[in-house]
Q: 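Have a look at the structure that comes next, please.
Below, chain A is the first sequence line, B the second, and so on; all start at residue 1.
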Amino acid sequence: MPIITREFYNRPAIVVARDLLGCHLVHSLDGVRMVGMICETEAYQGEEDQGCHARVGRTQRTAVMYGDPGHAYIYFTYGMHWLLNAVTGPVGMPAAVLIRAINALEGVEMMTVKRPHLAQKRGWLNGPAKLTQALGLNGQLNGHDLCEPDSELTIESGIIIPDEAVSTSARVGLNTVPEPWKSVPWRFLADLEKVSA
DNA sequence: CGGCCGATTATCT
DNA sequence: GATAATCGGCCGG
């Protein structure tokens, strides 16, 4: 599958979040390709978005979001979890798409080793921290260029998810975020049953 | 199945 | 010193 180009990411986060559904997240580790199809995302965009980390402006942590689109923003939260985002454009606009769930396609054996809990059971990769654990991702790859061919972390085009298989809702976990940001429908989910049907 | 709660530490004020 | 884009265990139904 071809790698997604920087132009794809150089668009508003809400649009990129929708279009990342069905794409293939690829982490190559020790010569093994681990691949998952993205089936849930969330968009975070702008300093005015009170759900976005960049609401406090540019800091050491948020700097990546202000940079080139098509890079990984990987941050640590709740004292134990790493979460993966794709930075979206344009340069200077702090924005990113959180990858919230994937469907295992390749390298399942290695993913099982990295995430033994409920391995290969229903729901074992449907959470932003679950999939980073399964893919072996952490702060090491923060700022990594996702558009570089043959690099260890990339996103490839997968299948097109038709509109009728896409649903939206409020973003998850923003309990202390004020309205309207708490409720904007910037979470995107792919219903895989409607895709195959 | 759904709701509540504790874990554990980088990051920012 | 407070907070957090979460998870898994434990409870009740």
Q: Return the value, rounded to whole Å, for the distance between atom CG of A/Asn175 and atom C1' of C/dT6.
A: 11 Å
Q: Across the strands shown, which category fits A/Val56 at heavy-atom distances under 4.0 angstrom: base, sugar-phosphate, nothing?
A: sugar-phosphate
Q: Just how far, in rounded Å, is C1' of C/dT6 from CD1 of A/Ile99?
A: 16 Å
Q: According to a strict under-4.0 Å criterion, is A/Thr176 in side-chain N/O contact with OP1 or OP2 of C/dA4?
A: yes
Q: Rounded to the nearest angstrom, tell me the gap between atom CH2 in A/Trp82 and atom P in C/dC7.
A: 15 Å
Q: Side chain of A/Leu98 only, please: which of B/dC12, B/dT9, C/dA5 is the nearest?
A: C/dA5
Q: Checking side chain to side chain donor-acceptor pair (under 3.5 Å) for the pair A/Glu148/A/Thr154: CA distance, chi angles, key distance, verdict?
A: CA-CA 7 Å; A/Glu148 188 74 23; A/Thr154 63; over 6 Å; no
Q: Minimum heavy-atom separation for A/Ala54 to A/Met65, with atom names?
A: N-CE, 3.8 Å
Q: Which nucleotide, if any, forms a Watson-Crick or G-U wobble pair with C/dA5, using both distances under 3.5 Å?
A: none
Q: Between C/dT6, B/dC12, B/dT8, spot the one nearest the side chain of A/Pro128, thanks.
A: C/dT6
Q: Go nucleotide by nucleotide along DNA chain C from the 5' end; which of A/Tyr44 and A/Lys130 gets its closest nucleotide reached first?
A: A/Tyr44
Q: With sugar-phosphate meaning primed atoms plus P, OP1 and OP2, does A/Gly127 contact a base, only sugar-phosphate, or nothing at under 4.0 Å between heavy atoms?
A: sugar-phosphate
Q: Do the non-hydrogen side-chain atoms of A/Glu106 and A/Val26 ever get within less than 4.5 Å of each other?
A: no
Q: Which of these, A/His81, A/Lys114, A/Arg115, sits in a side-chain hydrogen bond (donor to acceptor under 3.5 Å, both in side chains) with A/Gln133?
A: A/Arg115
Q: Would you please determine if the base of C/dA5 is stacked by A/Tyr75, with stacking meaning a centroid separation under 5.5 angstrom and planes under 30 degrees?
A: no
Q: Any idea which of C/dG8, B/dC12, B/dT9 is nearest the A/Gln60 side chain?
A: B/dC12
Q: B/dC12, OP1 or OP2 - any side-chain N/O from A/Thr59 closer than 4.0 Å?
A: yes
Q: By nearest atom, which of the nucleotides C/dT6, B/dA7, C/dA4 is closest to the A/Leu83 side chain?
A: C/dT6
Q: Which whole-number value in Å describes the distance from A/His81 NE2 to C/dT3 P?
A: 19 Å
Q: Need one value for A/Arg171: base, sugar-phosphate or nothing, where a base atom within 4.0 Å counts as base even if backbone is also close, heavy atoms only.
A: nothing
Q: Rounded to whole angstrom units, what separation is found between the CG atom of A/Asn126 and the P atom of C/dC7?
A: 8 Å
Q: With a 4.0 Å limit, can you tell me whether A/Arg187 has a side-chain N or O closer than that to the phosphate oxygens OP1/OP2 of C/dA5?
A: no
Q: Rounded to the nearest Å, what distance is computed from the CD atom of residue A/Glu47 to the C1' atom of nucleotide B/dC12?
A: 15 Å
Q: Roughly, in whole Å, what's the span from CE in A/Met80 to C1' in C/dC7?
A: 8 Å
Q: Rounded to whole angstroms, how far apart are CZ on A/Arg58 and P on B/dC12?
A: 13 Å
Q: Ring centroids only, cut at 6.0 angstrom: are A/Tyr44 and A/His53 within range, meaning strictly under it?
A: no
Q: OP1 or OP2 of C/dG8 less than 4.0 angstrom from a side-chain nitrogen or oxygen of A/Arg115, does that happen here?
A: yes
Q: For C/dA5, take OP1 and OP2 only and decide whether either is under 4.0 Å from a side-chain N or O of A/His53.
A: yes
Q: Using a heavy-atom cut-off of 4.0 Å across all strands, would you classify A/Tyr78 as base, sugar-phosphate, or nothing?
A: base
Q: Relative to A/Phe8, does A/Arg11 satisfy both conditions: NZ or CZ under 6.0 angstrom from the six-membered ring centre, and within 45 degrees of the ring's axis?
A: yes
Q: Closest approach to the side chain of A/His117, judged atom by atom: which nucleotide of B/dC12, C/dG9, B/dT9 is it?
A: C/dG9
